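First the structure, in the form of structure tokens, and then the observations on it.
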Amino acid sequence: RRQAPFKAGDRFSFNLQSPPQHFVVDVFERVGSKQVTLPNDWKTMDGSTQSVEVSRANGRSMRLRLKVLPKDSVPEGPRTSSESSAVMKAKSYLERHAVSKVLQDLVHVLLKARPEDPFAFMSERLRKHSSERSAEQTEKPPEATRQSCPDVAAAAPIASAARVAPVDPGTTAEEGRHVQASCPMESCPEELPDLSLHHSLAAGVLRSRASLYPELRDARTRRGVSLFQCIKPGLDNCGHPEVRSAGALAGDAECYDLFREFFEPVIGGLHPAYCSSSLHPREMDSRKVSNSQVDPTSEHIVGSRLFLTRNLRSLSFPSVASSLELQEAERLLLRAIHQSEGLKGEYLPLAGSGTYPPRPGGMSSADRARLESRGVLPEATSDSPGSHEARGVFEAEPAGLVAWINGQDHLRLAACEAGADLKSAFSRLAQAEHLLSKGLAKAGEEFACIDRLGFL
């Protein structure tokens, strides 16, 4: 860390074992100045204080209290190189095993549950997490299969001469799931695989800026999300040359800032009118919606459905969330729903989910058939064990509003209306979103949002 008056061309020297890839540069402007004169005997004084009034450039003033301390009270200097090396090794170990993320999730759930025996509660959670990780490692295919994993770096080191052929553009979703199972999300290869046959916007950005991935590869959000985790969905599926999909999923709200150099051009490709210097409109007042009818004669439109998606600010998004985070998202959203007087209905978790006590084992086959016939059946994100946990759909009464929980996003609301009455559908959607926002605020939670991007 270095700080000095700015002079064009000045250099800042850092005595480090290895140069970091990322810097934060803060530029300060002088607010005000005041010459301070200390008493003649200040060197012998212990904790002498002096009040100083500083005039600001805008004509106002502020008062400071300065305290003089003897030299032996000054904090110790910076760490030695050996101490810094030990700190870096410890940090690397914690990140490699995702220890910080697991402990954060554990403490978060502990404070919400407040069991009588917190140590037994934490021990059981950690034992379950350890069992799940062991099962995942056991299910990994042998080394030969991992080496043949198309277009994604192998989870274990292989000979540098082993080059794999890129995935055919016609790769199906089912094949994509196989690739994902073979190459762990936590794997963060030194170099990206060949993206020449990938057709997503993310692949285009990474191809055009070859230095971008190396620059951001080691960066992590506060919840431990890496850039590789964001682009992994696009690596698993090549896409189609006629369909320009994003090819990336943000792992949490911070990703849009930490990996901004990557996400900005991807978003610009999806939305050509996007301007990063503008505020994203977030108008949810249904009274401002036009009364004009899309189909005045009611001869063409049978029904209308509007969708709204949201994610919670304090949790990882579903694409990278742990089972504990998904359970916490489900708990927070259902609490907000059930405590709202304006939202009545029933929550149906996916069959096999055991996280919702009123419905142990999830929805029945009859429920599944009914939801499927209405076109509102939520799908598990994969066929892997536990993919049904903490996921489901809330059906409001009277019918016309459904809420999917922990699909691709923490929350997806849909409002349905017969005919072309879009204003009524939007009004219902906006009211539900408002009630959920109020319920979440009572629990100290809110929907993730950035001024330039809107709700995430």
Side-chain angles (χ1 to χ4, degrees), residues 109 112-113 125 128 131-132 135 173-174 177 180-181 249 303 305-312 315-418 425 428-429 431-433 435-436 439-440 443 445 447:
V109 174
K112 294 295 183 181
R125 289 276 178 172
K128 182 179 179 181
S131 299
E132 290 176 351
E174 288 74 21
R177 279 200 291 271
Q180 186 172 13
L249 290 172
R305 181 182 292 182
L306 295 182
F307 295 94
L308 171 153
T309 56
R310 297 285 187 269
N311 283 289
L312 303 182
L315 299 175
S316 299
F317 295 171
S319 60
V320 302
S322 66
S323 59
L324 292 178
E325 287 178 304
L326 292 176
Q327 291 176 42
E328 180 63 4
E330 180 186 51
R331 188 191 69 81
L332 287 169
L333 290 169
L334 289 180
R335 180 180 179 182
I337 289 173
H338 292 151
Q339 290 183 349
S340 172
E341 295 183 359
L343 293 174
K344 303 299 181 183
E346 183 180 17
Y347 176 65
L348 299 171
L350 287 182
S353 174
T355 58
Y356 184 57
R359 279 273 187 166
M363 67 178 69
S364 65
S365 56
D367 292 326
R368 178 185 176 86
R370 178 172 53 80
L371 293 176
E372 193 168 17
S373 67
R374 292 183 54 202
V376 296
L377 177 67
E379 296 181 357
T381 54
S382 73
D383 295 329
S384 61
S387 63
H388 294 236
E389 292 291 334
R391 292 182 166 95
V393 60
F394 173 79
E395 285 189 293
E397 297 176 359
L401 181 75
V402 294
W404 290 273
I405 292 179
N406 286 333
Q408 185 168 304
D409 300 277
H410 286 142
L411 173 69
R412 189 185 193 207
L413 285 173
C416 312
E417 285 287 341
R428 181 177 296 177
L429 200 66
Q431 175 66 8
E433 194 262 1
L435 294 173
L436 287 174
L440 290 172
E445 185 57 86
F447 292 127

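Just so it is clear, the model here is predicted, and its values are computed rather than measured.
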Practice problem: Test Arg125 against Leu324 for side-chain contact (heavy atoms from CB on, under 4.5 Å), laying out the working first. | Solution: CA-CA 9 Å; Arg125 289 276 178 172; Leu324 292 178; 2.7 Å; yes
Quiz item: Yes or no on side-chain contact (heavy atoms from CB on, under 4.5 Å) for Leu436 and Leu411, after CA distance, side-chain angles and deciding distance?
Solution: CA-CA 10 Å; Leu436 287 174; Leu411 173 69; 3.6 Å; yes
Practice problem: I would like to know whether Leu332 and Gln327 meet side-chain contact (heavy atoms from CB on, under 4.5 Å); could you show each step before the answer? | Solution: CA-CA 9 Å; Leu332 287 169; Gln327 291 176 42; over 6 Å; no
Quiz item: Could you go step by step and tell me if Tyr347 and Glu330 meet the side chain to side chain donor-acceptor pair (under 3.5 Å) rule?
Solution: CA-CA 11 Å; Tyr347 176 65; Glu330 180 186 51; 2.7 Å; yes
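Residue pairs that meet the salt bridge (Lys or Arg N to Asp or Glu O under 4.0 Å) test with at least one member in residues 341-353, sequence neighbours left out, are Glu346-Arg359. For residues 398-408, no residue pair satisfies the salt bridge (Lys or Arg N to Asp or Glu O under 4.0 Å) rule, not counting sequence neighbours. Among residue pairs with one or both ends in residues 331-340, those qualifying as side chain to side chain donor-acceptor pair (under 3.5 Å) are Glu328-Arg331; sequence neighbours excluded. Among residues at least two apart or in separate chains, salt bridge (Lys or Arg N to Asp or Glu O under 4.0 Å) pairs with a member in residues 317-327 are Lys101-Glu325, Arg223-Glu325.
Every side-chain contact (heavy atoms from CB on, under 4.5 Å) that Leu249 has, sequence neighbours left out, goes to Pro233, Ser319, Gln408. Residues forming a ring-ring contact (aromatic ring centres under 6.0 Å, His included) with Phe447 (at least two apart in sequence, or on another chain): none. Qualifying side-chain contact (heavy atoms from CB on, under 4.5 Å) partners for Ala369, counting only residues two or more places apart in sequence or in other chains: none. Listed by chain and number, the residues in a side-chain contact (heavy atoms from CB on, under 4.5 Å) with Val376 are Arg305, Leu371, Arg374, Val402, Trp404 (sequence neighbours excluded). Under the side-chain hydrogen bond (donor to acceptor under 3.5 Å, both in side chains) criterion, Ser353 pairs with Thr355, not counting sequence neighbours. Taking Ser364 as the reference, Asp367 meet the side-chain hydrogen bond (donor to acceptor under 3.5 Å, both in side chains) condition, with sequence neighbours excluded. By the side-chain contact (heavy atoms from CB on, under 4.5 Å) test, Ala329 pairs with Leu312, Leu315, Asn406, His410, sequence neighbours left out. For Glu417, the side-chain hydrogen bond (donor to acceptor under 3.5 Å, both in side chains) partners are Arg428, not counting sequence neighbours.
The neighbour count for Arg368 CZ, taken as heavy atoms of other residues, nucleotides or ligands under 6.0 Å away, does not exceed 12.
Nearest heavy-atom pair across Asp409 and Pro318 is C-CG, 3.5 Å. Nearest approach of Ala425 to Ala415, heavy atoms of both residues: O-CB, 3.3 Å. Closest non-hydrogen pair, Glu433 versus Leu308, comes out as CG-CD1, 3.9 Å.
Here CG of Leu440 is found 9.0 Å from CD1 of Ile337. Values are rounded to the nearest 0.5 Å. Rounding to the nearest 0.5 angstrom, the gap separating the CG atom in Leu333 from the CD1 atom in Ile405 is 5.0 Å.
No side-chain donor-acceptor contact under 3.5 Å links His388 to the backbone of Gly352.
Contact check for Leu413 versus Thr309: no side-chain heavy atoms found under the 4.5 Å cut-off. With contacts defined as side-chain heavy-atom distances shorter than 4.5 Å, the pair Leu348/Glu395 qualifies. With a 4.5 Å cut-off on side-chain heavy atoms, Leu401 and Leu343 count as touching.
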